[in-house]
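Source: prediction; values computed, not measured. Throughout, a chain's letter reflects where its sequence line sits, starting with A, and its residues are numbered from 1.
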There are 2 protein chains.
Amino acid sequence: MSAPAPRRTRIQKRNRALILDAALEVFSRQGFRGATLDQIAEAAGLSKPNMLYYFPSKEAIHAELLEGLLDTWLDPLRGLDPAGEPLPELCGYVRRKLQMARDFPRESRLFANEILQGAPRIDGLLRTDLKALVDEKAALIARWAGEGRLAPLDPHHLIFSIWATTQHYADFAAQVELVLGEEGRDPFPAAAAFLDALYARALAPDRAQG
Amino acid sequence: MSAPAPRRTRIQKRNRALILDAALEVFSRQGFRGATLDQIAEAAGLSKPNMLYYFPSKEAIHAELLEGLLDTWLDPLRGLDPAGEPLPELCGYVRRKLQMARDFPRESRLFANEILQGAPRIDGLLRTDLKALVDEKAALIARWAGEGRLAPLDPHHLIFSIWATTQHYADFAAQVELVLGEEGRDPFPAAAAFLDALYARALAPDRAQG
DNA sequence: AGAGAACTTGACTGATTGGTCAAGTCTGGT
DNA sequence: ACCAGACTTGACCAATCAGTCAAGTTCTCT
C-alpha cells in the first residue's frame with residue numbers, strides 16, 4: 001500500500017524535521033502561495049538547494065504537513081466516549097480542543113488557511129475521514145439528546161460551534177490579544193472557564209416535565 | 001484632513017468598482033502575498049496596466065478594501081442597544097452577524113486572512129476603533145449580567161464566541177458544506193436556528209434565588 | 001467637427017519565484 | 001587510510017512577479 005519504508009540517516013531525520021517545522025511556521029502565516037522556499041529555507045537554517053535535496057518540491061513539503069495534520073487534529077473528537085455522561089463528555093471535548101489550539105496554533109492556522117482557500121488540497125480527506133467521524137459523533141450526540149440527557153441542539157452545528165470557538169483562540173490570536181489589551185497575558189485560562197460555562201449552560205437538558 | 005474630493009468620471013466609478021470586486025474575490029482566497037495582479041486583472045476583465053491606471057499599486061488596492069471593511073463589519077455590534085432587553089438584544093446581534101457572514105463571505109475571509117497573518121496591515125485600526133467599541137459593549141453586557149438580567153459570563157469572551165461561531169460559516173464554508181454533505185443546500189437557516197437556541201440557553205439568567 | 005483630457009494597451013524592465021546541476025565536502029564502514 | 005554514498009552549495013535557468021512607458025484610442029465638451 002504505502003511507500004516502502006524509507007531508510008533515513010540521523011542527518012535526514014534532523015533536517016527533515018527542521019524543514020517541516022520551518023515550513024509549518026511559514027505556510028501557517030502566509031498560506032501556500034504566499035510562502036516562498038527562500039523564507040522556509042532561511043527559517044530552517046538550510047540553503048534552498050539543500051532543502052530540495054530532502055523534499056522534491058514546495059508542494060511535497062506542504063502535502064506532508066497536511067497529511068500528518070488531520071489525524072492528530074481529530075483526536076479530541078475521537079475521544080468522545082459513548083459510555084460516558086453526555087455533559088462532562090462534551091465539556092471535556094471542548095477542553096481538549098481548546099488545549100490543542102493553545103499547544104498547536106500553527107497547525108490550526110495551517111488548516112484554517114487551507115479551508116479559507118476552499119480546501120483545494122485536502123478536499124478528499126475531509127470528504128471521507130472527517131465526514132465519517134463527524135457523522136458518527138453527531139449520531140451519538142443526537143442519541144444523547146433523544147434520551148433527554150442533553151439539550152436538543154443540532155449535533156452537526158454543535159460540533160461546528162465547538163470547532164469555531166476553540167480554534168478562534170489560535171487562528172485569531174492576534175485579534176484576541178489586541179482586544180483584551182493585556183498583550184503579555186495568556187488568554188487561555190479565561191477562555192477555558194468561559195467555554196466550560198457556555199456549553200455547560202447551553203447543553204444542560206431541559207427540566208423533566210411532569 | 002482627508003484627501004481632496006477626487007473627481008470621478010463614470011468610467012472611473014465603474015472600473016474602480018470592478019477592480020475592488022475582483023480584488024476582494026482574489027485577496028479573500030489567496031491572501032495578500034498569494035494574490036497576483038494578473039489574477040485580479042483577469043477577474044476584473046481589465047488589462048494589468050489599465051488596472052494600475054486606477055490604483056497605484058497592489059498594496060493600494062488591498063488597503064482600500066481593508067479600510068472600507070472594518071466599519072461595516074462592526075455595524076451589527078454597534079446595534080447592540082443598551083435600552084433593549086438583554087437576551088433578545090444579544091440574540092439579535094447573533095442573527096445580524098450571521099446574516100453578514102451569509103451576505104458578505106468574501107469580506108469575512110479577507111478579514112480572516114489578515115488576522116491569520118498577524119494583522120500586519122490592520123493592527124492600528126484594531127487597537128483603536130475595534131478595542132474601543134468592544135470594551136464599550138462588553139461593559140454593557142457586564143452591567144446586564146450584574147443586574148441579573150443575563151447569565152454571568154465573561155463579556156469579552158462572549159463576544160469572541162459570537163464572532164467565531166458566526167464567521168465560521170463564511171470562513172470555513174468549504175468544510176461546513178463537505179461535512180453536511182448536502183452540497184447544494186443552504187446551511188444558514190439551520191445555523192441560525194442552532195445559534196439562537198445555543199445563546200438563548202446559555203445566556204438566560206440564573207433562576208432568582210429565594 | 002475638433003481639441004484636450006481621459007482612458008487603454010503591447011512591449012518592456014528588474015526583481016523574485018520554484019527548481020536544476022555539476023562540482024564539491026563530509027560521514028560511516030572497512 | 002580509503003572509498004562509496006550521503007550531504008551541501010554557488011551558479012544558474014525559465015517562469016512569474018509588480019510595476020513602467022510610450023504610443024495609441026476613446027470620450028467629453030464646446
Self-check item: Presence of A:Y53 side-chain N/O under 4.0 Å of D:dT8 phosphate oxygens OP1/OP2
Solution: no
Quiz item: In whole Å, what is the span from the NE2 atom of A:H62 to the C1' atom of C:dG19?
Solution: 18 Å
Quiz item: Could you give the CD1-to-C1' distance, from A:I61 to C:dT17, as a whole number of Å?
Solution: 14 Å
Self-check item: NZ/NE/NH1/NH2 to OD/OE distance under 4.0 Å, B:R102 and B:D186
Solution: yes
Quiz item: Is the shortest side-chain N/O distance from B:R14 to OP1 or OP2 of D:dC27 below 4.0 Å?
Solution: no
Quiz item: Can you find a side chain N or O atom of B:N15 that sits less than 4.0 Å from OP1 or OP2 on C:dT8?
Solution: yes
Self-check item: Side chain of B:P49 (C-beta onward), nearest among D:dT28, C:dT20, D:dC21
Solution: D:dC21
Practice problem: Have a look at A:A35 and say if it touches a base, only the backbone sugar-phosphate, or nothing, with a 4.0 Å heavy-atom cut-off. | Solution: sugar-phosphate
Quiz prompt | Distance, rounded to the nearest Å, where B:E59 contributes CD and D:dC17 contributes P | solution = 17 Å
Practice problem: Please indicate whether B:R143 has more than 12 foreign heavy atoms, meaning atoms of other residues, nucleotides or ligands, lying under 6.0 Å from its CZ. | Solution: yes
Quiz item: Given atom CE of B:M51 and atom C1' of D:dA18, what is their separation to the nearest angstrom?
Solution: 10 Å
Quiz item: Can you check the B:K13 NZ to D:dC27 P distance for me, whole Å?
Solution: 17 Å
Exercise. Answer yes when B:R95 and B:D196 have at least one side-chain N-carboxylate O distance shorter than 4.0 Å, and no when they do not.
Key: no
Practice problem: Return no unless some side-chain N or O of A:R33 is found under 4.0 Å from OP1 or OP2 of C:dG18. | Solution: no
Quiz item: Atom NZ of A:K58 to atom P of C:dT16: distance rounded to whole Å?
Solution: 16 Å
Quiz prompt | Rounded distance in Å - CZ (B:R16) to P (C:dT8) | solution = 13 Å
Practice problem: Take atom CZ of A:F55 and atom P of C:dT20, then tell me their distance rounded to the nearest Å. | Solution: 15 Å
Quiz item: For the side chain of A:K48 and the base of C:dG18, is some donor closer than 3.5 Å to an acceptor across the two?
Solution: yes
Quiz item: Do any side-chain nitrogens or oxygens of A:S57 fall under 4.0 Å of OP1 or OP2 in C:dG18?
Solution: no
Quiz item: Heavy atoms under 4.0 Å, any strand shown: does A:L52 hit a base, just sugar-phosphate, or nothing?
Solution: base
Exercise. Answer yes or no: does a side-chain N or O of A:N50 lie under 4.0 Å from OP1 or OP2 of D:dT9?
Key: yes
Quiz item: Are A:R10 and C:dT27 close enough that a side-chain N or O sits under 4.0 Å from OP1 or OP2?
Solution: no
Practice problem: Give a yes/no answer on whether the side chain of A:T9 brings an N or O atom under 4.0 Å of OP1 or OP2 in D:dC7. | Solution: yes
Self-check item: Residue-phosphate contact under 4.0 Å: B:Q12 side-chain N/O, C:dC7 OP1/OP2
Solution: yes
Self-check item: Sub-6.0 Å ring centroid separation between B:F55 and B:H62
Solution: no
Quiz prompt | Pair A:R78 + A:D71: basic N to acidic O under 4.0 Å | solution = yes
Quiz item: Can a salt bridge be assigned to the pair B:K48 and B:E42 using a cut-off of 4.0 Å between side-chain N and carboxylate O?
Solution: no
Exercise. Would you indicate what A:Y54 reaches in the nucleic acid, counting non-hydrogen atoms under 4.0 angstrom: base, sugar-phosphate, or nothing?
Key: sugar-phosphate
